[in-house]
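In what follows, residues are counted from 1 in the order of the sequence shown.
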Amino acid sequence: MTPTRLFDFIEHQRKNAPLKKAFTTKYNGIWTSISTEEFCDQAKKVSRALISLGIEAQDKIAMISSTNRTEWNIVDIGLLTIGAVNVPIYPTISSEDYEYILNHSESEYCFVSDQEVYDKVIAIKDKVKSLKKVYSFDSIKGCSNWKELIELGTSSEHDTVLEERKIAVAPEDLATIIYTSGTTGIPKGVMLSHDNVVSNVISSSKRLPLNIGQASALSFLPICHIFERVILYIYMQNSVSVYYAESLEKIADNLREIKPNVMTAVPRLLEKVYDKIYARGAELTGIKQKLFYWAVDLGLQYEPYGENGAWYEFKLKIAKKLILSKWKEALGGNLELIASGSAALQPRLARIFTAAGMTLVEGYGLTETSPVISVNDMRKNKFKIGSVGQIIDGVHVKIAKDGEILCKGPNIMMGYYKDLEKTAEVMTDDYFHTGDIGEFDHDGYLTITGRIKDQFKTDKGKYISPAPIELEFLKNNDIEQICVVGTGIPQPIALIVPSAIGRNKEKYELNDSLLMTMNLINPDLHTNEKISKIVIMKEEWSVDNGLMTPTLKVKRNRVEGNHNHMYDEWFKNNDQIVYE
């Protein structure tokens, strides 16, 4: 039977292809696995316990975890089974944001992962009237542990009620409220039904070549984000063994330990992997270094399906054997598929990773679309580098007159929680306004060319869309991050954070490299778009300094706000490259 509610996916796995290692988390240095059967048993105990605590259908339960872990999934399935609503919260936001979201959602219970998150919640607990109790996954002094629920749920006295509650959950019922991290303003609570997410899981699964019951995956993107969460339901549906990375810093170690077949990533992390491997190549000498650069240059020319011809494919075969295979070995050796989302992917990354035998496919979507709208697929000639793929089954997309991408389908959110006005602003005739600008090619592949709210006006009154310009700059390995700005000045300026490769160069070498890139790009831009100056930033933009979202997108408004008082001074400077 095809799943219709989110908790049906693990039941589907149990009935059709149960796993001995369904979910695995490392505790105190030891990988600890749980089977499908054990997972279902513990989720059922959580359901029983929540019924004992008086949780009713549509009651809200918050989840805040600094790392992905098995317990999160168990509690998620347990609460969904009785019709409760999961409110996942980003762990990196402030206590004040916790207070707002917990109050706005009226969450009754909150699950936290560790001491740091617990301290932030406890600091505002008294300001959240609805919050009855906090449970932790780690053992924390003074905090109830989630295992108490497992104990409480051992008794079968509520099984009749549990079965009735489970049957009563309808596909159209609210399943989760996800508060968008956003780059501006107060977080909005995106309401997603079981059907919103289930339809997305089933349609997206068709684009991922997963061998049922045979594949393994490494999970490290935040589980509170809809991208990773949907991927985890896809893994449940396809009986993929899930391993949770210990942290972002230990991903490389975990990849080598686990040797997964598939993982998801965001461009920012892939850029760092690329830079790290490229930097190692730069340390080589003589013929080894020449071979390394030859192989990389070849990989950067990659086109799928042998489009470059037999001679290229012959050279690529040699490059893979001598050099590029080591890239794959560095990431475990078995990695066959990387699905990238959340932000624009540089085509060079898709080329080099795929050339090395790790197909890197880009997809597109938003929290409000549950999230996938389109995604590439290497099979059946459905992979086009530079695009975000073709639209998934059941979803309809059209491009508005101003270029905005409009989307309709079973994946479109129920609306913003307690905000009919904002919901109405983004919906027209059942079409959701994504805020992104895009276009289709003649084969039906979607390309994202910008975001409406990112456009700015120079003092000439001309609108500039910075994203396409930024992507061109990012083809230069010396650039880690870029933000093209220019509100109120005659010509745009490029704010650039150099990559590790760029920082290791002499100042004159870096300047020459960046100026060469600017001079290559400018002739193809409209007069009002041409970059007038490059400003080198002192520090990297990150989540910690508030210049990136938890999903690793640059907070353009913050970056601009920190520097717009300098625009005139920089613009009047006679040098083409200025250091902050």
Colleague: Kindly determine whether Y302 and F353 satisfy ring-ring contact (aromatic ring centres under 6.0 Å, His included), including the steps that lead there.
Modeller: CA-CA 10 Å; Y302 176 84; F353 277 93; over 10 Å; no
Colleague: Given side chains that start at C-beta, do those of L337 and P209 come closer than 4.5 Å, heavy atoms only?
Modeller: yes
Colleague: Looking at L19, I234, L210, which hits side chain to side chain contact (heavy atoms under 4.5 Å, CB included) with V240?
Modeller: L210
Colleague: Within a strict 4.5 Å, meaning less than it, do heavy atoms of the S340 and T264 side chains meet?
Modeller: no
Colleague: Checking S156 against D159 for the side chain to side chain donor-acceptor pair (under 3.5 Å) test, could you report, in this order, the C-alpha distance in whole Å, the side-chain angles of both residues, the deciding distance, and whether it holds?
Modeller: CA-CA 5 Å; S156 60; D159 278 4; 4.5 Å; no
Colleague: Are S155 and R48 side-chain neighbours, meaning at least one heavy-atom pair lies under 4.5 Å?
Modeller: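 A side-chain contact under 4.5 Å is absent here.
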Colleague: What pairs with K132 under side-chain hydrogen bond (donor to acceptor under 3.5 Å, both in side chains), at least two apart in sequence or on another chain?
Modeller: E108
Colleague: Got a salt bridge between K272 and E540, using NZ or NE/NH1/NH2 to carboxylate O under 4.0 Å?
Modeller: yes
Colleague: So, the side chain of E362 versus the backbone of V388: is there a donor-acceptor pair under 3.5 Å, distance only?
Modeller: no
Colleague: Is the CD atom of Q289 crowded by more than 12 outside heavy atoms at less than 6.0 Å?
Modeller: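 Buried by this count: over 12 neighbours within 6.0 Å.
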Colleague: Looking only at the aromatic ring of each residue, does the gap between the centers of Y243 and F220 stay below 6.0 angstrom?
Modeller: no
Colleague: Hey, does the side chain of E38 reach the backbone of S35 with a donor-acceptor pair shorter than 3.5 angstrom?
Modeller: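 Present.
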Colleague: Looking at every non-hydrogen atom in both residues, tell me the closest pair between K320 and A356 and how far apart they are.
Modeller: CE-C, 4.3 Å
Colleague: To the nearest 0.5 Å, how far apart are NZ in K259 and CG in L331?
Modeller: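 Those atoms lie 11.0 Å apart.
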Colleague: What are the two closest heavy atoms between D59 and G54, and how far apart are they?
Modeller: OD2-O, 4.0 Å
Colleague: Grab the two heavy atoms, one from A62 and one from S107, that are nearest each other, plus how far apart they are.
Modeller: CB-OG, 3.7 Å
Colleague: Indicate yes or no: at least one non-hydrogen side-chain atom of T81 is less than 4.5 angstrom from one of K44.
Modeller: no
Colleague: Hey, does the side chain of T67 reach the backbone of S247 with a donor-acceptor pair shorter than 3.5 angstrom?
Modeller: no
Colleague: For Y179 and Y417, work out which heavy atoms get closest and say how close.
Modeller: OH-CD2, 3.7 Å
Colleague: Which residues pass the side-chain contact (heavy atoms from CB on, under 4.5 Å) test with D478, sequence neighbours left out?
Modeller: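 So D478 forms a side-chain contact (heavy atoms from CB on, under 4.5 Å) with N476, I501, K505, L510, S513.
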Colleague: On the 0 to 90° scale, with breaks at 30° and 60°, tag the Y100-H104 ring pair as parallel, tilted or perpendicular.
Modeller: parallel
Colleague: So I77 and F9, do their side chains get closer than 4.5 Å, heavy atoms only?
Modeller: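 Side chain of F9 against side chain of I77, heavy atoms only: no contact under 4.5 Å found.
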Colleague: If only atom types and distance count, is the side chain of S66 paired as donor or acceptor with the main-chain N or O of P91 below 3.5 Å?
Modeller: no
Colleague: Give a yes or no answer on whether the side chain of H194 reaches the backbone of A175 with a donor-acceptor pair at less than 3.5 Å.
Modeller: no
Colleague: Could you check whether atom NZ of K328 has more than 12 heavy atoms from other residues, nucleotides or ligands sitting under 6.0 Å from it?
Modeller: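 Yes, because the 6.0 Å sphere around NZ of K328 holds more than 12 heavy atoms from other groups.
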Colleague: Can you find a heavy atom in the side chain of Y118 that is under 4.5 Å from one in the side chain of S136?
Modeller: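 A side-chain contact under 4.5 Å is absent here.
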Colleague: Taking only Lys NZ, Arg NE, NH1 and NH2, and the carboxylate oxygens of Asp or Glu, determine whether K250 and D253 approach each other closer than 4.0 Å.
Modeller: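 Salt bridge absent between K250 and D253.
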Colleague: Testing I231, L269, N68 one by one against L221 for a side chain to side chain contact (heavy atoms under 4.5 Å, CB included), which residue passes?
Modeller: L269
Colleague: Do side-chain atoms of S499 reach the backbone of N477 as a donor and acceptor pair under 3.5 angstrom?
Modeller: yes
Colleague: Can you confirm whether more than 12 heavy atoms, excluding those of E148, are under 6.0 Å from its CD atom?
Modeller: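 Atom CD in E148 is packed in, count exceeds 12.
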Colleague: Checking E151 against T154 for the side chain to side chain donor-acceptor pair (under 3.5 Å) test, could you report, in this order, the C-alpha distance in whole Å, the side-chain angles of both residues, the deciding distance, and whether it holds?
Modeller: CA-CA 5 Å; E151 279 295 315; T154 302; 4.7 Å; no
Colleague: Could you report the tightest heavy-atom contact between P267 and L349, atom names first, then the distance?
Modeller: O-CD1, 4.2 Å
Colleague: Do side-chain atoms of S144 reach the backbone of Y135 as a donor and acceptor pair under 3.5 angstrom?
Modeller: no
Colleague: Within 45° of the six-membered ring axis of Y274 and under 6.0 Å from that ring's centre, is NZ or CZ of R348 located there?
Modeller: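 Yes, a cation-pi geometry holds between R348 and Y274.
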Colleague: Are any of the side-chain nitrogens in E480 or R503 under 4.0 Å away from the carboxylate oxygens of its partner?
Modeller: no
Colleague: Does the pair R229 and C224 meet the rule for a side chain to side chain contact (heavy atoms under 4.5 Å, CB included), with working shown?
Modeller: CA-CA 7 Å; R229 190 162 162 203; C224 54; over 6 Å; no
Colleague: Check whether any side-chain N or O of T369 sits under 3.5 Å from a backbone N or O of L366 as a donor-acceptor pair, and report yes or no.
Modeller: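 Checking the backbone N and O of L366 against the side chain of T369, a donor-acceptor pair under 3.5 Å is found.
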Colleague: Any sub-3.5 Å donor-acceptor pair from S47's side-chain atoms to A43's backbone N or O?
Modeller: yes
Colleague: List the steps and the verdict of side chain to side chain donor-acceptor pair (under 3.5 Å) for D173 and Q58.
Modeller: CA-CA 8 Å; D173 286 348; Q58 296 299 288; 4.9 Å; no
Colleague: Between D138 and R69, is there a salt bridge with N-O shorter than 4.0 Å?
Modeller: yes
Colleague: Please evaluate residues E106 and K60 with respect to the criterion salt bridge (charged side-chain N to carboxylate O under 4.0 Å, His left out), reporting the C-alpha separation (whole Å), side-chain torsions for both, the decisive distance (0.1 Å), and the verdict.
Modeller: CA-CA 7 Å; E106 299 174 271; K60 317 301 186 295; 5.9 Å; no
Colleague: Where do F23 and F39 land on the ring-ring contact (aromatic ring centres under 6.0 Å, His included) test, with the steps shown first?
Modeller: CA-CA 8 Å; F23 291 88; F39 182 99; 4.9 Å; yes
Colleague: Start with the C-alpha gap between M548 and K553, add the side-chain angles, then the distance that decides, and say whether side chain to side chain contact (heavy atoms under 4.5 Å, CB included) holds.
Modeller: CA-CA 5 Å; M548 294 195 87; K553 290 192 280 281; 5.7 Å; no
Colleague: Step through the shown structure and confirm whether more than 12 heavy atoms of other residues, nucleotides or ligands are within 6.0 Å of NZ on K125.
Modeller: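 Yes, because the 6.0 Å sphere around NZ of K125 holds more than 12 heavy atoms from other groups.
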Colleague: Using side chain to side chain contact (heavy atoms under 4.5 Å, CB included), reason through V85 and I177 one step at a time and then give a plain yes or no.
Modeller: CA-CA 7 Å; V85 178; I177 303 173; 4.0 Å; yes
Colleague: Let's go through Y364 and N376 carefully: what are the C-alpha distance in whole Å and the side-chain angles of both, what is the deciding distance for side chain to side chain donor-acceptor pair (under 3.5 Å) to 0.1 Å, and is it a yes or a no?
Modeller: CA-CA 9 Å; Y364 165 67; N376 275 285; over 6 Å; no
Colleague: Taking only Lys NZ, Arg NE, NH1 and NH2, and the carboxylate oxygens of Asp or Glu, determine whether R280 and E283 approach each other closer than 4.0 Å.
Modeller: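 Looking at R280 and E283, the cut-off is not met.
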Colleague: Given salt bridge (charged side-chain N to carboxylate O under 4.0 Å, His left out), test K326 with E329 step by step and report yes or no.
Modeller: CA-CA 5 Å; K326 293 179 174 59; E329 286 170 19; 6.0 Å; no
Colleague: Are any non-hydrogen side-chain atoms of N200 and I392 less than 4.5 angstrom apart?
Modeller: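 With C-beta onward as the side chain, the pair touches.
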Colleague: Could you tell me whether D195 and R5 make a salt bridge, using a distance below 4.0 angstrom between a side-chain N and a carboxylate O?
Modeller: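 Answer for the salt bridge query: no.
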Colleague: Which heavy atom in N16 sits nearest to a heavy atom in H12, and how many Å separate them?
Modeller: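 N16 and H12 have their closest heavy atoms at ND2-O, 2.8 Å.
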Colleague: Is the closest side-chain heavy-atom distance between Y98 and N103 below 4.5 Å?
Modeller: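 Counting from C-beta outward, Y98 and N103 never come under 4.5 Å.
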Colleague: In terms of relative ring orientation, are W146 and F137 parallel, tilted or perpendicular, with 30° and 60° separating the classes?
Modeller: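 Perpendicular.
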